[in-house]
Amino acid sequence: MLDRKLILEDPERVRRNCELRGVQVDVSRLVDLEQRRREKLREAEELNRQANATSKSIGKASSPEEREQLKELGRQLREQKEAAQAEHDALEQEIVGLLMQIPNLTHPQAPVGGEEASREVGRGKTPVPTFDFPPRDHVELGALHDMIDFEGGARVAGSGFYFLKNDAVLLDLALQQFATRFLVERGFVPVTTPDVAHSAILQGIGFMPRGPETQIYSIENTDLNLVATAEITLGGLMAGQVLDAEQLPLRMVGISHCFRTEAGAAGRASKGLYRVHQFTKVEMFAFTLPDQSDAMHEELRQWECELFDALEIPYRVIDTATGDLGGPAYRKYDLEAWMPGRGEGGQWGEVTSTSNCTDYQARRLNIRYKIKGEKGTHLVHTLNGTAVAISRALIAIMENNQLADGSIRVPVALQPWVGKEVIEAPRTADEN
RNA sequence: GGAGAGGUGGCUGAGUGGUCGAAAGCGCCUCAUUGCUAAUGAGGUGACCGGGUAAAACCGGUCCGCAGGUUCGAAUCCUGUCCUCUCCGCCA
C-alpha cells in the first residue's frame, strides 16, 4: 500500500507510476475520496468531542431536569456522530479498495516497458554447456534414475504433484543444507515457518487469497491458507511489531513448503517440475531502515549469484522491467538458469527472484522501527529473495550436469550431503 | 479433546459504570547530592491518527487481547471470538 499523504501531495507522480506499471487506477478519484474522508473524520471527531463533554457534564448536573436535558442532548450528538462515522467508513472502504490496486513506486533505474524491456545485467561464472549428444530433459533423467515420480504424485494428490525419490531426495536435502548454511554464515537467522497463514497476512504481503483467480490454496471453514512462499510467513512474523533501529538490518533465511494453484497457467511451458503445485524453498528475507534497502537488495542479489555459482549452474541476471513487476516490488532481479531440456535446444528459466518492496508491505502489515531516544515510529523496508527453490534448481542441476550415458555429476558443493560425485546411470540389460 | 484460571502502559501489577490514559513498583530520562562506582532525594516518562509548527510547544480524537452489544457515558456490565497458563486425556 502506498502512503496516502504522498498520493494527496503528488497525484501526478502516482498516476505516471501506474502507467509505467501498466496498471489502471483512477488516482484523481482516490484523491477526491481521501479529501472527503478527512473532512468527515474531522466532523465525526468534533461531534464526538461534544458528546464526550456532554457526558462528563451529566455527573455534575445540578437538577434532575437538567440531567435529563443533557442526556437527551448526548443522545442526539451520538446519533449525529454515528451518521458521520458511517459516511466516513463507506469512503474508507472504497479508498482501501482503490489503494490495494495501486502498485509500489518504481526504482528510477528499473528498465521501462513490458516483459521484453527487461534487461540482462550479468552472467554467472559457469558457462552454458555444449553437449556432443542429444541432452535429455529432467523428466527423462528423473525416470531413468527413478528420482521423480509424477504418476505417483498424480495418483495421490492430482496432476502437478510428484514424489521425489532416491538421489533426488538427497539432492533436495543437500540444497536446503547448503543454502541455509551459506546464509547463516553470512548473518542470516535461520527459521522454519508455518506452512499456513491467516488471510490478513497474505494480503499484507500482496497475495489475494480466495479471489476468483487466486494462486492460493485455502483451508475450508478456517481463515487459514497454505503459503505460496516463506516470504508470507517471514514478513508476517513481524506484523504489528515495533523493531529497534539498532536491530536493523535484520536478515532471515526461512525454509517452507510452497503451495500454488497455478490457476490459469495451464498450457504454458510447464513440463515436469517447472510449474508444480508444491515445492520446497529456502527464502531470504530482510527488514531494513529505509536508507539501507537499496544496498540490501544488491546484497541479496549477490548471495543468489554466489549460491548459483557455487552450484555450478549457468545463469543470467535480469533487471525486471516496470510492466512486469508485481505490485509490492520497487525493483526486482531474477536469476534465470540455463535449462538444456526446456523448449527446443534449451531455454532460460527463472530460478530466483529478489525484490525490494520498500515500505509497501510494511505499511499494510504495520511493521515499524523506533530510534532510541527519538519520538515516534517509522515504517521499515522489506526485501525478499529466493535462495533456492528446490524443484527448479533440480531441473538445472540434472539437465546441465548430465553425461552421455545419462549419469549426472553432483556439484562439488553438494557432494558432502549427497555422498557421491556422480549419480551413475543404471546398467541396461544388454550391458549385463 | 475435557476442566479451570487469566489477558491492563517497556515489564510486574491495582482498578468502585462518570473525577481513569489508568494506582503502585521496576525500568528509563533529567536535575541535585556524597571525590569515582554503588546508593539517596526531587521531577519527568505510552502508542497511533488528524490539526498545528521551520522544528517544537500546543489542540482534538482513538487505544485496557479482538469484534460486537447495553448506556448520555464502559478497563469496569452482556455476547461472541482469539490467545496464554494450569491440570487431565491423547499423541509425534
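So you know, we letter chains A, B, ... as the sequences are listed, proteins then strands, and number each from 1.
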task = For R368(A), answer base if it contacts any base atom (sugar-phosphate contacts may also be present), sugar-phosphate if it contacts only those atoms, and nothing otherwise; contact means non-hydrogen atoms under 4.0 Å.
result = sugar-phosphate
Spacing of R67(A) atom CZ relative to C72(B) atom C1', expressed in whole Å = 10 Å
Would you list the atom pairs, donor with acceptor, under 3.5 Å between side chains in residues 281-288 of chain A and any protein atom, with sequence neighbours excluded?
unit_1, atom_1, unit_2, atom_2, d
K281(A), NZ, T229(A), OG1, 2.8
K281(A), NZ, E283(A), OE1, 2.7

key: Residue pair D319(A), K332(A): steps toward the salt bridge (charged side-chain N to carboxylate O under 4.0 Å, His left out) verdict   = CA-CA 6 Å; D319(A) 191 351; K332(A) 179 161 84 90; over 6 Å; no
key: Name of the residue among E424(A), E421(A), E399(A), E312(A) meeting salt bridge (charged side-chain N to carboxylate O under 4.0 Å, His left out) with R409(A)   = E312(A)
query = CD1 of I95(A) versus P of G50(B): gap in Å, rounded?
reply = 12 Å
query = Between A42(B) and G25(B), how far is it from one P atom to the other, in whole Å?
reply = 10 Å
key: Check ion pair E45(A)-R42(A) (N to O, under 4.0 angstrom)   = no
request  = Could you check S55(A) against Q50(A) and say which one's nearest nucleotide on RNA chain B is further toward the 5' end?
outcome  = S55(A)
request  = Assign each of K5(A) and G74(A) to its nearest nucleotide of RNA chain B by heavy atoms, then name whichever residue's nucleotide is nearer the 5' end.
outcome  = K5(A)
query = Rounded to the nearest Å, what distance is computed from the CZ atom of residue R363(A) to the P atom of nucleotide C48(B)?
reply = 15 Å
message = I232(A) vs F207(A), test: side chain to side chain contact (heavy atoms under 4.5 Å, CB included). Steps then yes/no.
response = CA-CA 9 Å; I232(A) 292 166; F207(A) 287 85; 3.8 Å; yes
task = From the options A47(B), U62(B), U19(B), select the nucleotide whose nearest atom is closest to the side chain of N48(A).
result = U62(B)
key: Inter-nucleotide C1' distance (G89(B), G4(B)), Å rounded   = 15 Å
request  = Look at K370(A) and A47(B) and indicate whether a side-chain polar atom (N or O) is within less than 4.0 Å of OP1 or OP2.
outcome  = yes
ask   = What integer distance in Å separates L41(A):CG from G51(B):P?
value = 9 Å
ask   = For Y274(A), is the NZ or CZ atom of R342(A) found under 6.0 angstrom from the centre of its six-membered ring and inside 45 degrees of the ring axis?
value = yes
Minimum-distance nucleotide (side-chain atoms of R49(A) versus G61(B), A47(B), G50(B)) = G61(B)
inquiry  = When the C1' atoms of A54(B) and G18(B) are compared, how many Å lie between them, rounded to an integer?
reply    = 42 Å
Dot-bracket encoding of pairs in RNA chain B, which uses [ ] for pseudoknotted crossings and | for another strand, Watson-Crick or G-U under 3.5 angstrom = ((((((((.[[[..)..(.....]]]((((((.......))))))((((((......)))))).[[[[[..)....]]]]])))))))....
query = Rounding to the closest angstrom, what is the interatomic distance between G10(B) and C64(B) at atom C1'?
reply = 16 Å
message = Measuring to OP1 and OP2 of G73(B), would you say a side-chain N or O of T54(A) lies under 4.0 angstrom away?
response = no
key: Plane angle bin for F161(A) and H277(A) - parallel if under 30°, tilted between 30 and 60°, otherwise perpendicular   = tilted
C1'-based separation of A22(B) from U8(B) [nearest Å] = 8 Å
ask   = What is the distance, rounded to the nearest whole Å, between atom NZ of K71(A) and atom C1' of U70(B)?
value = 13 Å
Atom-pair distance (CD on E46(A); C1' on C49(B)), nearest Å = 16 Å
P atoms of G13(B) and C31(B), separation to the nearest Å = 33 Å
ask   = How far, in whole Å, is U86(B) from C49(B) if one measures between their C1' atoms?
value = 40 Å
ask   = Quick check: does any side chain N or O of N104(A) sit under 3.5 Å from a backbone N or O of C357(A), one acting as donor and the other as acceptor?
value = yes
Cationic tip of R186(A) above F182(A) ring, under 6.0 Å, 45° of axis = yes
query = Within less than 4.0 Å of OP1 or OP2 of U71(B), is there a side-chain N or O belonging to R78(A)?
reply = no
request  = Please state how far atom CG in D244(A) lies from atom P in C28(B), giving the value in whole angstrom units.
outcome  = 15 Å
request  = Could you state the atom-to-atom distance from CZ of R75(A) to C1' of U71(B) in whole Å?
outcome  = 9 Å
task = Output yes when at least one side-chain N/O atom of N52(A) is less than 4.0 Å from OP1 or OP2 of G73(B), else no.
result = no
key: Residue E45(A), side-chain atoms from C-beta onward, closest of G51(B), U19(B), C49(B)   = C49(B)
Pairwise C1' distance, C85(B) and U76(B) [rounded to whole Å] = 24 Å
ask   = From G50(B), A47(B), C72(B), pick the nucleotide closest to the side chain of R38(A)?
value = G50(B)
